[in-house]
Each structure stands twice: as C-alpha cells, then as structure tokens.
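Heads up, the thing below is written out as structure tokens.
To find a chain, count down the sequence lines: A is the first, B the second, and so on, and within it residues start at 1.
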Amino acid sequence: MLDVLNPLRPNMTTYVATAYRTHTLGEIQSDGAKLVGQEVTVAGFMEANRGKGAICFVDLRDGTGKTQVFLKADNVGDESLDMVQRMTRESTLQFIGTVSQKRPPKAKEGEPVPPPAYEVVANSVTVIARAEAPLPLGVTDTVHVALDTRLDNRFLDLRRAHVAAMFRLRGKVLQYGREALINEGFFETHTPKIVATATEGGTDLFPMQYFDTPAYLNQSPQLFKQLCMSGGLERVFEVGPAFRAEKHDTYRHLNEFISFDMECSWATDGDVMGVLERMIHHMWDSVSKDEESQQHIITINQYRATQGEEPVEVIVPELPFPRVSYCDAIDIIKKKGGKIEWGDDIDAENSDLLAEDLPQFYFLPQWPMELKPFYIHHVEGEIGSTGKQLSRGFDLNFGRDELTSGGQREHRMDVLIENLKDMELDPEEFEFYIAGFRHGVPPHAGWGLGVERILMKLTGAKNVRETVLFPRDRKRICP
RNA sequence: GCCCGCUUGGUGUAGAGGUUAUCAUGCAGGAUUGUCAUUCCUGCGACCCGGGUUCAAUUCCCGGAGUGGGCGCCA
C-alpha cells in the first residue's frame, strides 16, 4: 500500500517517501530538538569521514542539508566501522541510528556558545553505492575547477553546493516569471520545435529529417505565437527551447537555449515593455524576499568568497526601467568617442560605453526599421535624425548584454509583404505565416527573453554555460 | 569564420634548454583527537600528440588536436 502522507509527520501536506529514509538530513537539523532519542533512517552522500580508531565521524549530505553521523565500534561492530573508515568520498550510504545533540565544540572564553546541533549516532550502516576513486573533480574542495572539466562531469559538479544553488534558483526565477505573467492574464502555451521553413530568415537553422521531408529545429516561437494572436488567444506565453546553428563561441551564446516568450493582442511596444519590467521586478523582488532563494544566494556567495570573488547582490530594480531610444543611444556613444553612425547596430564595444552610465536594466526602444526583422511594426512619420523610418522594436539590456528583444508586430498584411520584399525575403516561403493575416489580426506586441542570460545577471555567472545543466555549444553535444 | 592565449600528478597551478619538476587540494599509511577549516609525520601521483633544431627538448621552432578569451551575429 502506498503511503500517501508520511505517518511520522501528520502535519506534512506533501508526499514523503519513506522507503529509504524516514527523515531528511535537513529535518534532523531543523527538528533535532524534537527528534532526540528517536530512531531514524537517513541516507546521502558521504562528504568526508574522520577518525581512524574505535570511533568515526561521517559528514553525510542529501538534497536538504548535512548531518554528522557518529559511529562507535561498540554500536556498529568492528567490521562496519572499518568499512566506513575505508569508504571513498561521495559514496552513497544509509544509516539507522538515534538522533542526539552533538557535544558542543570547545568554545574559547568570551566567545558565544554556538546553537545546539544534532547528529545521528549510528547503530547500523548500509552501503548503497561505493564511489569510485579518485573523483574527477572534488565536490567539497576549494580548488578551482575549469568549466570544461565541470561540464564533462556535470553529475558530480551538481553535487557542489553553489552549483546546486544555481539550478534551484533557476527554477525559482522561472516560477516567478510565470507568476507575474499569469497575474497579468497570460496563459502558458507551446509551439512546435520542428518546422518546415526558415522561420525568420537570416539565422542558420539545424536541418533535420522529418520522415521523407527536410525540416528544421525552430529558432524562435515568434511566428507561431503571432498566429495565436490571429486566433484570438490574446495573451500567451511560452517557456521553451530555441535552436540556432550559429558558430558563435562566447560567454553569452548557446546553440540551444530557453526562450521566455510572450505575445499580447491590442497592445503596443510600450505596453509589453511594461509587462516585461514588471515581470523582472517580480523575479528580483521575490528572490530578495524568499528565504530559500536568499539561502541560494548566500551559498553562491560563500563559494565566491573562496575564489576571491565579490559577492553578488540582488538589487531590486526600480520601476520604470530607464528608456534610452536608439537615437539617444547613438548620441551618447558619439559623445563618449565611440565609432558609430546612425543606422549601425550597437556592437559590443559601444555597448560597453552605454553600460558605463547604465550598469543595470534599461530599454533601447525605437530602432531603425532596417535593423529589425520584417515582422516589426512601424508608424509612418516616426523617423530618425537622418530621416529614416523608425520601428516599434526594442531591446532590453543589462549593462552591456542584451537580454530581450521585442516590439510591436506588423498586423497589416500588405505592409508585412512589402517588408518581406524590402528585406529580400520571398513572401511565398512565409505563406503559412501570411495566411494567418488574411482574415485579420489584432494589433499586437511581444518579446522573447533569454532565460540563461537573465540568470547570469542574477547569479553573477560569468559564462552562460554555468546556468544550463547540459549546455549545447559549438563544441559540446555530450553529455 | 577571424584574432589572441593556454595545454605540467585525479583536480587546480609554479617553473627551468641539462641534475631529485613547485605548491595547494586529493589519495594511501601512521600518530593524536567526540572530531567538526583538526593538527602532525611518512609516502603516492604529472610535463597533450607528431615532426624539427640541439650533445641534450617537458622547455625553443613548425604542424595537429584539445581548450580558454575577444569579435562578428544574436537571446
């Protein structure tokens, strides 16, 4: 019969598996006072063992925390004690024992007495899996490990506290993003990742075989979420993978990344910029208030301290974010001595100049039409200093890095077809998309946010690969 | 695709045309210890591959592979 709820803890409202452990190690620490004297079964990875004589201490770690297990030959027998003393680090062990308060460490005079801590005095031990030695990377060692070594052995890298904290935070950030959009009347949906045509042109796609038909992995949900607008769904969002076959090799690019996309009918670029900044504000605000999220930040900072790095700070951004139009950005860059002309894209060097005064979030609205994709909307008469047409397309940057690109979309079919021709794309190849406009589409706007990039900004990661479990880049497809 | 670095024990590093290749971490053994960033002692373990220069190359040169950074492009 299934234990629907753990009988030992009737106040728990979530299912607790009890086949391999009756208590988590986190519970031993948090509920230790109540558990003293009680027999428990605990399990986890052996972080370290100390003691070669008739006693031995094991630092045991599971997903919830750490607890020391105390072994005496009198309790577990000579054979078991010897086995544990010879056990390799990171082996998976299970102990049955009694919870007791640890003997307090010898506090020096004048120093505060530490709060009571709890341990498990073992009566028996079971080896679930012995870890092979040596480890390809040290889980608790403070020696620096190269990213490539870490990614080759990601399963072990994930056992490191600050790495696990990163991925738990990633889950939190996605949760907060969803909350923010759902609260504004959006609902989550999904679009296909296998497509028949080059969706936006330009970007290189990964070709694949779809039965007898050539196909591609989709670079973006863009055109499909617009079709949702044609369908009257009005407010949708999607969190899903996007694939780009570009041979880039930088700290901020991946060939598979997660795009947080939204699309909104009866809205302008300004409207969806508001949705975006409120969502990001909610993410940062929630992380700063949520106890677990704060603990993850602390864990990351503890590691950073061992590497001589500055701690990351979660600074909740003020609303509204600064808005620096493309035209103003060009002026600012020129004043700072950057080489740029109206109509140029803002390259990395010039982004650094902008970031000098804008180190955090800021919008770059109203790009020239010719720098934005064919589906971006423009209003006749909105022109730049050189008389060229502006668009309703915007970027969201954090310092030098682009996090989001978005805009109001072109809903007028005739203009859309003209735009395609202007950008030397063949309207016939976009027939599946244009068909969605034949019967009318509400004016709409939206954006796509790079999840990994925003996580870099939150956690201080210097490389986007750190924020992905198993990153896919130019050279890495395994594991 | 272009430009610039790097490649030394399991991990991360120092370093030199020649003798025993540094340090940290790790691992093994020992001493001490209800330990807790333990401490102490002893030991183990490495110069990416191919070619060239040289009496001698892990070190210099060329090529390859791998890897890191920058750029373009983008999220």
Selection: [range], any non-hydrogen atom under 4.0 Å of RNA chain B:
range                       : answer
residues 449-464 of chain A : A/R453, A/N463
residues 336-372 of chain A : A/D345, A/D347, A/A348
residues 296-311 of chain A : none
residues 467-479 of chain A : A/R474, A/K475

Just jot down the side-chain contact (heavy atoms from CB on, under 4.5 Å) partners of [X], sequence neighbours excluded, or say none.
X      : value
A/D59  : A/E47, A/A48, A/R50, A/Q68
A/A73  : A/D78, A/L81
A/D352 : A/R400

Problem set entry | Residue list, ring pair (Phe, Tyr, Trp, His ring centres under 6.0 Å) with A/Y303, at least two apart or on another chain | A/H162
Exercise. Looking at residues at least two apart in the chain, or sitting in another chain, which of them share a ring pair (Phe, Tyr, Trp, His ring centres under 6.0 Å) with A/H253?
Worked result: A/H248
Exercise. Is A/F57 stacked on the base of B/G34, with ring centres under 5.5 Å apart and planes under 30° apart?
Worked result: no
Distance check needed: [N] [atom2] versus [X] [atom1], whole Å only.
X      : N     : atom1 : atom2 : result
A/L151 : B/U67 : CG    : P     : 11 Å
A/F394 : B/A75 : CZ    : P     : 12 Å
A/Q222 : B/A75 : CD    : P     : 9 Å
A/R244 : B/G72 : CZ    : C1'   : 15 Å
A/Q85  : B/U33 : CD    : C1'   : 13 Å
A/E132 : B/C27 : CD    : P     : 15 Å
A/Q68  : B/C36 : CD    : C1'   : 6 Å
A/Q219 : B/C73 : CD    : P     : 16 Å

Output one line per pair: protein atom, nucleotide atom from nucleotides 4-10 of chain B, and distance, for all N/O pairs under 3.5 Å.
residue: B/G10; atom: O2'; partner: A/L135; partner atom: O; Å: 3.1

Salt bridge between [X] and [Y], side-chain N to carboxylate O under 4.0 Å?
X      : Y      : value
A/D395 : A/K372 : yes
A/R159 : A/E90  : yes
A/E349 : A/K339 : no
A/D148 : A/R476 : yes
A/D401 : A/K457 : yes

Looking at [options], which one has an atom nearest to any side-chain atom of [X]?
X      : options             : value
A/R400 : B/C74, B/G12, B/C71 : B/C71
A/A146 : B/G34, B/G29, B/G12 : B/G12
A/K102 : B/G12, B/U35, B/A75 : B/U35
A/T250 : B/C71, B/G12, B/U35 : B/C71
A/R252 : B/G34, B/A75, B/C74 : B/C74

Problem set entry | CZ/A/R150: more than 12 non-hydrogen atoms of other groups inside 6.0 Å | yes
Problem set entry | Stem regions touching RNA chain B, defined by at least 3 consecutive Watson-Crick or wobble G-U pairs below 3.5 angstrom | B:1-7 with B:65-71, B:10-12 with B:23-25, B:26-31 with B:39-44, B:48-52 with B:60-64
Exercise. Which side-chain hydrogen bond (donor to acceptor under 3.5 Å, both in side chains) pairs, counting each pair once, include a residue from residues 132-142 of chain A, with sequence neighbours left out?
Worked result: A/R89-A/D141
Exercise. Does a nitrogen or oxygen in the side chain of A/R86 sit under 4.0 Å from OP1 or OP2 of B/G29?
Worked result: yes
Problem set entry | A/T149 vs B/G12: side-chain N/O to OP1/OP2 distance below 4.0 Å | yes
Exercise. Does the B/C71 base have a donor-acceptor partner in the side chain of A/H248 within less than 3.5 Å?
Worked result: no
